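Source: prediction; values computed, not measured.
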Amino acid sequence: MGAIGIVLLVAFVIVCVLLVLLVILQDDGENGMGGLLGGRTTAAFGSHSASVLTKTTTVLVVLFFVLALGLALVNKKAKVDSDLVPTTTLETESSAETTESSGNWWAESTDAE
């Protein structure tokens, strides 16, 4: 992973942490599932907090997906066909080695004596 990959990874981690904190910070509102648990009406950043938090969340989500795609492209490995060896070749080579090494076991023991 080069310098670009490291920069993308650090930015990705920062965006992930900010996104989690921003989602935790958002008001649950009175509609939807969050409103069922006691819907507060206080805003952390004043009356325009919903629009600021919503816009910031949208920007961070877009950055999250762009950085994830960038990391995937940077870390993509090239497809190499030479790594794919047919299994018949491997079986033939291993059976030939087994026959050669185990075929003369009695001759080796008599030579050693």
Side-chain angles (χ1 to χ4, degrees):
M1 181 184 303
I4 294 174
I6 293 172
V7 170
L8 284 175
L9 185 62
V10 169
F12 184 72
V13 169
I14 290 171
V15 167
C16 287
V17 169
L18 288 175
L19 192 59
V20 167
L21 291 175
L22 193 61
V23 168
I24 290 172
L25 191 91
Q26 285 185 4
D27 189 22
D28 54 4
E30 296 198 18
N31 52 359
M33 292 298 289
L36 294 176
L37 300 174
R40 297 183 306 249
T41 58
T42 59
F45 297 113
S47 62
H48 299 289
S49 66
S51 63
V52 171
L53 292 177
T54 305
K55 289 177 185 176
T56 308
T57 305
T58 304
V59 169
L60 286 177
V61 167
V62 169
L63 278 173
F64 174 82
F65 282 114
V66 168
L67 290 172
L69 183 64
L71 278 170
L73 291 176
V74 167
N75 292 326
K76 181 177 74 169
K77 295 187 181 194
K79 183 179 178 183
V80 179
D81 291 335
S82 64
D83 288 343
L84 303 175
V85 179
T87 56
T88 56
T89 307
L90 291 175
E91 291 172 358
T92 306
E93 290 175 1
S94 64
S95 64
E97 291 173 4
T98 306
T99 307
E100 291 173 5
S101 63
S102 65
N104 298 331
W105 63 272
W106 65 87
E108 292 173 2
S109 64
T110 56
D111 292 339
E113 293 173 359

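- Residue T56 is tested with V59, V52, T58, L53 for a side-chain contact (heavy atoms from CB on, under 4.5 Å); the sole match is V52.
- One hydrophobic cluster, built from ILVMFWY side chains closer than 4.5 Å, cannot hold both V7 and L71; they sit in different ones.
- Following chains of ILVMFWY side-chain contacts shorter than 4.5 Å, one can reach L22 starting from I14, so the two form part of one hydrophobic cluster.
- Under a hydrophobic clustering in which Ile, Leu, Val, Met, Phe, Trp and Tyr are joined whenever their side-chain heavy atoms come within less than 4.5 Å, directly or via other members, L63 and V10 fall into the same cluster.
- Every side chain to side chain donor-acceptor pair (under 3.5 Å) that T57 has, sequence neighbours left out, goes to Q26.
- Each of V23, L19, V17 was evaluated against L21; a single residue qualifies, V17, per the side-chain contact (heavy atoms from CB on, under 4.5 Å) test.
- Taking the side chain to side chain contact (heavy atoms under 4.5 Å, CB included) definition, one finds that I4 meets it with L8, V74, sequence neighbours left out.
- In terms of the ring pair (Phe, Tyr, Trp, His ring centres under 6.0 Å) criterion, residue partners of F64 (sequence neighbours excluded) are, by chain and number, F12.
- In this view, V66 and V62 satisfy the side chain to side chain contact (heavy atoms under 4.5 Å, CB included) rule, not counting sequence neighbours.
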